[in-house]
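See below for the structure under consideration.
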Amino acid sequence: MPQYDQRTAIEELFAEFPAVRSDLSSSMVGLFSIEMGCFARYIQKQIDSGNREEVGRCYEWLVKLTLNGDDKVKNAVGFSVLDHLVTRDGKVERQWALEAMPPLLRASYEKSARGT
């Protein structure tokens, strides 16, 4: 039985990363894909600022959700988070964030980058 459903995932997200909660407007609360999208924006800010330690912590949390989440949680990790991360655009050095991505996440990220 999965350890995380949408509510438990969001409760832990807000506990582990309080800045994500502060990025939400009241109209977004309870909308799981949007809440996870806010986490994607948080990760992107960390990537853009070169905060390798925090990006690693975010990746660890996403791996935990991928391994222990129900189908909706796993789907959100891919579509609401990984699909929105920019690790290479030629403008800012972000390749390190792709190289630091755990294999489990990187496979999903690369798959979405190819559009398959």
Run the salt-bridge test on R52 and E93 with the 4.0 Å N-O cut-off and return the result as yes or no.
-> no
Student check: side-chain heavy atoms of F14 and V20 closer than 4.5 Å = yes
Carboxylate-amine/guanidinium contact E60 R57, below 4.0 Å = no
Pairing residues for E12 by the salt bridge (charged side-chain N to carboxylate O under 4.0 Å, His left out) criterion, not counting sequence neighbours | K64
Within a strict 4.5 Å, meaning less than it, do heavy atoms of the R94 and D48 side chains meet?
-> yes
Verify, without hydrogens or angle tests, whether Q6 (side chain) and K72 (backbone) share a donor-acceptor contact under 3.5 angstrom.
-> no
Using a cut-off of 6.0 Å, state whether more than 12 heavy atoms not belonging to F79 lie near its atom CZ.
-> no
Is it true that atom CD of E53 has more than 12 heavy atoms of other residues, nucleotides or ligands lying nearer than 6.0 Å?
-> no
Please determine if R106 and E99 form a salt bridge, counting it only when a charged side-chain N lies under 4.0 Å from a carboxylate O.
-> no
Joint hydrophobic cluster, V55 plus V86, side-chain heavy atoms closer than 4.5 Å = no
Salt-bridge contact R7-E35 (side-chain N to carboxylate O under 4.0 Å) | yes
Q44 CD to C58 SG distance, which is reported to the nearest 0.5 Å = 11.0 Å
When every non-hydrogen atom of H84 is compared with those of A40, the smallest separation belongs to CB-CB, 4.3 Å
Which atom pair, heavy atoms only, marks the closest approach of Y59 to L105?
-> O-CD1, 3.6 Å
